[in-house]
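Single-structure report; data block below.
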Amino acid sequence: MAYLFLLGRIILLGYEKIVVKKVGDKSNSIATSFLFFLTATLFLLPFAFGKNVSLDFGRLRYGILSGFIYSISFVLYVKSLSLGEASLVGPLYNFNVFFLLILTTVFLREPFTLQKIVGLSLLVYGASFLSKQENLFKSLRVLFEKKETLFMLGSSFLIAIGRTIDGFVVGKVDPLFYCFFLYFVISIYQFIYILLRKELGEVLKIFKEKALLVFIAGAINAYSYLFLLIAFKSIDVSIAEPLSMLSMIITLILAKNIFKENIRERTIGVLIMILGAWILNWR
């Protein structure tokens, strides 16, 4: 059953980037992000009540930290997709696998094995196909010079930290309630920022112009993350995250059909990146 939820996440996550790009295009990124999480919180509200759950508030406090991290990460995510092609920046979202490995190696002193070297090398090599040039180094230089690329890598790095916290919390707290709690916290953080910046008018403007897309994006975002948390109950993070990378293939297909993006070489790069992620997490 856990793998069915993971399959649902893969499908939703692949489509999410397309919808986010549509809503975020020519829109204020923080206002767009707030609308996503506010509507997602509403979709998750039924899961917060009518359940006999034993809440571990000691662990829920980590959700407050995770929520702060995600509130920044998703603003960068929206900004990246609004500026760049979905088939270019979308695959870089999954670089959190790369950052997770680096974090555990540096801070948890996990051994840096040959397997990890091969996996990381394939991730980087695959990424070079996203902006293919005459050679590997020029491809990577051109890729990492783009603002939209840097925004997505920053988002991915923060997601890696958040996922680590989630994996720790979900083992002790009901995932349905935790998902609602986390999105509620993110909405509060972003709402406070919007009030301080006096940008509430931007929120109303986006909602008025793109209400249907906002609700669709909120539902996709809420349930794709909810499915991941449920999967975490039976599947290790090290397996769930690489499997989630299959969503990149869906994003590429949609980007080609909807935005007419050229995905020929990027498809090769994505397949190499998925292989690298599998090697990294092979047990």
Side-chain angles (χ1 to χ4, degrees), residues 12-13 16 19-20 23-24 27-51 53-82 93 96 151 154-170 172-208 210-211 213-230 232:
L12 291 177
L13 197 58
E16 178 190 270
V19 181
V20 169
V23 182
S27 299
N28 181 291
S29 296
I30 181 66
T32 301
S33 179
F34 169 69
L35 280 172
F36 286 161
F37 281 104
L38 178 63
T39 54
T41 301
L42 295 176
F43 279 110
L44 292 169
L45 185 60
F47 298 106
F49 301 102
K51 292 172 60 64
V53 295
S54 177
L55 303 181
D56 185 339
F57 289 100
R59 288 183 181 268
L60 277 178
R61 72 177 186 271
Y62 291 103
I64 297 175
L65 172 61
S66 182
F68 178 73
I69 293 170
Y70 285 134
S71 66
I72 299 172
S73 173
F74 203 76
V75 173
L76 296 175
Y77 176 75
V78 173
K79 189 71 173 176
S80 175
L81 284 166
S82 66
Y93 169 87
N96 53 41
F151 284 139
S155 174
S156 181
F157 175 72
L158 293 174
I159 287 172
I161 299 175
R163 290 287 186 270
T164 303
I165 298 173
D166 293 343
F168 170 72
V169 176
V170 171
K172 300 295 182 180
V173 178
D174 181 85
L176 299 178
F177 180 84
Y178 178 70
C179 191
F180 166 79
F181 176 79
L182 185 60
Y183 274 59
F184 180 67
V185 168
I186 294 170
S187 299
I188 291 176
Y189 279 131
Q190 295 189 342
F191 183 65
I192 292 173
Y193 182 82
I194 287 170
L195 288 180
L196 293 175
R197 297 272 298 183
K198 299 179 180 179
E199 293 180 344
L200 192 57
E202 291 291 327
V203 175
L204 298 176
K205 177 183 176 183
I206 296 171
F207 186 76
K208 182 179 179 180
K210 306 176 181 180
L213 282 174
V214 166
F215 277 108
I216 292 174
I220 290 174
N221 190 286
Y223 292 118
S224 67
Y225 188 63
L226 177 64
F227 290 168
L228 177 65
L229 291 179
I230 295 174
F232 275 169

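The one candidate from Y93, Y77, Y223 that meets the side-chain hydrogen bond (donor to acceptor under 3.5 Å, both in side chains) condition with E16 is Y77.
Separation of atoms CG (L182) and CZ (F37) is listed at 7.5 Å; rounding is to 0.5 Å. Within the model, atoms CG of N96 and CD1 of I161 stand 11.0 Å from one another, a figure rounded to the nearest 0.5 Å. One distance of note links CG of L200 with CD of E202; it measures 10.0 Å at 0.5 Å rounding. The distance from atom CG of N28 to atom CG of L35, rounded to the nearest 0.5 Å, is 10.0 Å. If you take OH on Y189 and CD1 on I72, they are separated by 9.5 Å, rounding to the nearest 0.5 Å. Atom CD1 of I192 and atom CZ of F34 lie 10.5 Å apart (nearest 0.5 Å).
In terms of heavy-atom proximity, G218 sits nearest to A40 at O-CB, 3.3 Å. Residues E199 and I30 share a closest heavy-atom pair of OE1-CG2, 3.3 Å. Residues V19 and L213 come closest through the heavy atom pair CG1-O, 3.7 Å. Residues C179 and L44 share a closest heavy-atom pair of SG-CD1, 3.6 Å. Nearest heavy atom pair, residue V185 against residue G67, reads CG1-CA, 4.2 Å.
Heavy-atom contacts from other residues, nucleotides or ligands closer than 6.0 Å to CZ of F184 number 12 or fewer.
In this structure, V78 and F36 have side chains that are in contact, with non-hydrogen atoms separated by less than 4.5 Å. With a 4.5 Å cut-off on side-chain heavy atoms, K205 and S27 do not count as touching. For the pair S29 and F151, the minimum side-chain heavy-atom distance is 4.5 Å or more. Between I69 and I165, some side-chain heavy-atom pair lies under the 4.5 Å cut-off. Considering only heavy atoms from C-beta on, I64 comes within 4.5 Å of F181 through its side chain. Contact annotation: the side chain of N221 approaches that of Y183 to within less than 4.5 Å [non-hydrogen atoms, C-beta and beyond].
Side-chain contact, S33 with K79: no donor N or O sits under 3.5 Å from an acceptor N or O.
Aromatic ring pairs are classed by plane angle as parallel below 30°, tilted from 30° to 60° and perpendicular above 60°; the pair F180 and F177 is tilted.
In this structure, the side chain of S224 engages the main chain of I220 through a donor-acceptor pair within 3.5 Å. The main-chain N or O of Y70 is never found under 3.5 Å from a side-chain atom of S73 such that the two would form a donor-acceptor pair.
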